[in-house]
Amino acid sequence: MKTPIDIKKYIGKYYFLLFIIFLNIFLIYVAVNTGLKVIGVYEETKEISQSIDLLKANSTLIKNNKELLLDDISNYNNLLDKLIPNSETYFQVISSLEQLENRNGINVVSYSINLPDTTDEKMSLGLTIRGSEDAILSLYENYAFSGGRLMTSETYMRTSSVEGETTFLINLFHTNKSQMSTTNEVSNTSISKDDVDLLEMIRKKI
Amino acid sequence: MKRRIDLFSQRLEKKTTQKYLDIGTRILFGIFIFIFLSQIVLFGAYYLLNKNLEELKIKKHSYNRFILSNKAFNRDIQYFVSKFALLRKYLLTDANGNEYYKHIIDIFSPISSISTLSSFTINNTRETTITLNMETNEDALQVVDFLETSEILDNFENLTISDLSIEKSATEYSIQLNGIVKLLKIQ
């Protein structure tokens with residue numbers, strides 16, 4: 001008789017099938033767990049890599065500039081604070097205009113704020129100045145730093161005679177916190193000897 | 001009524017069941033192999049990523065230690081670099097007019113005896129307007145000739161005569177030039 005043998009065979013195959021089903025379910029469970037762990041480690045690696053990039057940039061910044069700036073960095077920071085103050089007040093503006101007058105021998109008759117060109121980092125002023133030719137030429141030569149802070153003039157006008165009363169446009173700057181660079185932006189900056197020379201030149205002029 | 005028993009019907013059902021069992025077993029075994037291999041790959045990836053992560057942690061630690069040992073300088077240099085970047089940026093807004101004025105005087109010095117630089121304007125994009133005055137027609141012609149020489153053209157990116165006029169009241173000729181001066185290296 002064949003039938004009893006067939007039943008045993010079926011039962012064996014059923015058990016084997018069930019065994020494989022459970023094994024597969026177990027393996028899927030383990031694989032999902034391992035997959036989640038891999039994703040977790042990958043995310044952590046990505047995060048640490050990003051923070052390492054920042055730290056590396058920071059370290060490079062220190063290494064690149066330590067030798068050149070270590071002794072003088074506080075003085076240079078003070079100088080930069082004078083050139084571009086962290087805030088702007090009416091008295092600071094008046095004080096720098098007075099310094100500009102005294103240093104160059106000119107007289108600032110009046111000033112007006114050029115509103116369209118004034119931004120949250122820059123104050124644009126139109127100065128009406130009076131003085132001798134020498135005084136006005138001295139102003140043209142030295143306006144950038146002789147007010148004790150950074151002044152720039154976006155447009156320069158000059159006629160054959162500069163004596164008497166003339167108009168001079170200047171910009172005064174102050175730091176807007178949002179403009180301060182983050183470590184990311186300053187990462188690979190290396191201050192050169194030329195930069196230090198520029199600061200030294202400014203220090204003498206201010 | 002005639003009754004018949006199909007002796008093959010049971011056998012056929014058994015055969016079909018067996019066939020499906022075999023197919024199921026094969027498919028499940030295939031899935032097993034696939035998951036098993038995936039598992040090996042996942043374990044490998046997990047091991048390598050973990051190893052890499054450990055290395056990165058060591059690296060991060062050493063960078064942190066270096067920065068901490070230079071804490072004060074780090075704070076100062078961050079501030080310095082930010083402010084210095086602003087200084088550089090703001091300096092670029094300056095027209096450096098006086099330097100360019102001297103440069104223009106130099107460029108036009110060969111015709112200084114026959115012309116006068118009556119006005120000069122420049123902005124921070126080096127766009128320039130120059131007005132030259134001459135007393136005679138001959139002087140004006142000489143100036144125009146000079147404007148076409150390389151002495152002038154080499155110092156400008158572009159230059160055009162925007163106005164050429166004779167004053168009604170006097171015999172004074174005036175030439176107005178517009179253009180862009182070539183970049184000057186300024187200390």
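Proteins come first, then strands; the chains are lettered A, B, ... in the order of their sequence lines, and each starts at number 1. On a predicted model such as this, the values are computed, not experimentally measured, just so you know.
Side-chain contact between A/Asp195 and B/Arg88: present, with at least one pair of heavy atoms (C-beta onward) separated by less than 4.5 Å. Proximity of B/Leu91 to A/Leu198: side-chain heavy atoms (C-beta onward) are separated by under 4.5 Å at one or more points.
Within the 4.5 angstrom heavy-atom criterion, atoms from both the backbone and the side chain of B/Thr25 approach chain A. At a 4.5 Å heavy-atom cutoff, the contact between A/Leu55 and chain B is made by backbone and side-chain atoms alike. Only the side chain of A/Ile48 comes within contact range of chain B, with heavy atoms under 4.5 Å apart. Interface remark: B/Tyr100 contributes no atoms to any contact with chain A (heavy atom separation under 4.5 Å). Using a 4.5 Å cut-off between heavy atoms, A/Phe145 touches chain B through its side chain atoms alone. Only the side chain of B/Phe66 comes within contact range of chain A, with at least one heavy atom under 4.5 Å from a heavy atom of that chain. The contact between B/Phe29 and chain A is made by backbone and side chain atoms together, counting heavy-atom distances below 4.5 Å. Within the 4.5 angstrom heavy-atom criterion, only backbone atoms of B/Asn96 (N, CA, C, O) approach chain A. With a 4.5 Å cut-off on non-hydrogen atoms, A/Lys122 does not touch chain B at all. Of the two parts of A/Ser51, only the side chain, counted from C-beta on, holds a non-hydrogen atom closer than 4.5 Å to a non-hydrogen atom of chain B. Of the atoms belonging to B/Phe43, heavy atoms from both backbone and side chain fall under 4.5 Å from chain A. If you measure heavy-atom distances from B/Glu99 to chain A, the contacts under 4.5 Å come from the side chain alone. For chain A, the nearby parts of B/Phe80 are the backbone and the side chain; heavy atoms of each come within less than 4.5 Å.
From A/Ile20, atom CD1 reaches atom CZ of B/Arg26 across 11.5 Å, with rounding to the nearest 0.5 Å. Atoms NZ and CG, on A/Lys63 and B/Asn70 in that order, are 10.0 Å from each other to the nearest 0.5 Å. The CE atom of A/Met157 lies 11.0 Å from the OG1 atom of B/Thr129; values are rounded to the nearest 0.5 Å.
Environment of NZ in B/Lys182: crowded, with over 12 heavy atoms of neighbouring residues, nucleotides or ligands closer than 6.0 Å.
With hydrogens and angles left out, the side-chain atoms of A/Tyr143 and B/Asp94 include a donor and acceptor closer than 3.5 Å. A side-chain N or O of A/Glu141 and one of B/Asn98 form a donor-acceptor pair less than 3.5 Å apart.
Within the structure, salt bridge (Lys or Arg N to Asp or Glu O under 4.0 Å) contacts touching residues 74-86 of chain A (residues at least two apart or in different chains) are A/Asp81-B/Lys83. Residue pairs meeting the salt bridge (Lys or Arg N to Asp or Glu O under 4.0 Å) criterion with at least one partner in residues 48-73 of chain B, sequence neighbours excluded, are A/Glu44-B/Lys57.
Nearest approach of B/Gly97 to A/Tyr156, heavy atoms of both residues: CA-CG, 3.3 Å. Shown here for B/Gly24 and A/Leu17, the closest heavy-atom pair between the two residues is C-CD1, 3.6 Å.
Residues meeting the ring pair (Phe, Tyr, Trp, His ring centres under 6.0 Å) test with A/Tyr76, sequence neighbours left out: none.
Put simply, the residue from A/Leu23, A/Ile28, A/Ile25 that forms a side chain to side chain contact (heavy atoms under 4.5 Å, CB included) with B/Ile35 is A/Ile28. When each of B/Thr93, B/Leu86, B/Leu87 is checked for a side chain to side chain contact (heavy atoms under 4.5 Å, CB included) with A/Leu150, only B/Leu87 meets the rule.
When each of B/Ile77, B/Asn123, B/Thr125 is checked for heavy-atom pairs under 4.5 Å with chain A, B/Ile77 comes out on top. Put simply, of A/Asp194, A/Ile170, A/Thr45, A/Ile202, the one with the most heavy-atom pairs under 4.5 Å next to chain B is A/Thr45. The most heavy-atom pairs under 4.5 Å with chain B, out of A/Ile62, A/Thr155, A/Ile39, A/Leu27, come from A/Ile62. When the candidates B/Tyr47, B/Phe34, B/Phe84 are compared by the number of heavy-atom contacts under 4.5 Å with chain A, B/Phe84 comes out ahead.
When atom types are taken as modelled, the side chain of A/Asn58 and the backbone of B/Ile67 share no donor-acceptor pair closer than 3.5 angstrom. Between the side chain of B/Asn50 and the backbone N or O of A/Val41, no donor-acceptor pair lies under 3.5 Å.
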* **Candidate pair B/Tyr90 and A/Ile84, rule side chain to side chain contact (heavy atoms under 4.5 Å, CB included), full reasoning** => CA-CA 10 Å; B/Tyr90 297 150; A/Ile84 308 162; 3.9 Å; yes

* To do: Take A/Tyr42 and B/Asn52 through the test side chain to side chain donor-acceptor pair (under 3.5 Å) and record every step on the way to the result.
  => CA-CA 10 Å; A/Tyr42 174 73; B/Asn52 185 33; over 6 Å; no

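Taking the centre and axis of the six-membered ring of B/Phe120, the NZ or CZ atom of A/Arg158 falls outside the cone set by 45° and 6.0 Å.
Contacts of residues 108-119 of chain B with chain A at a heavy-atom distance below 4.5 Å involve B/Leu117, B/Ser118, B/Ser119, listed in sequence order.
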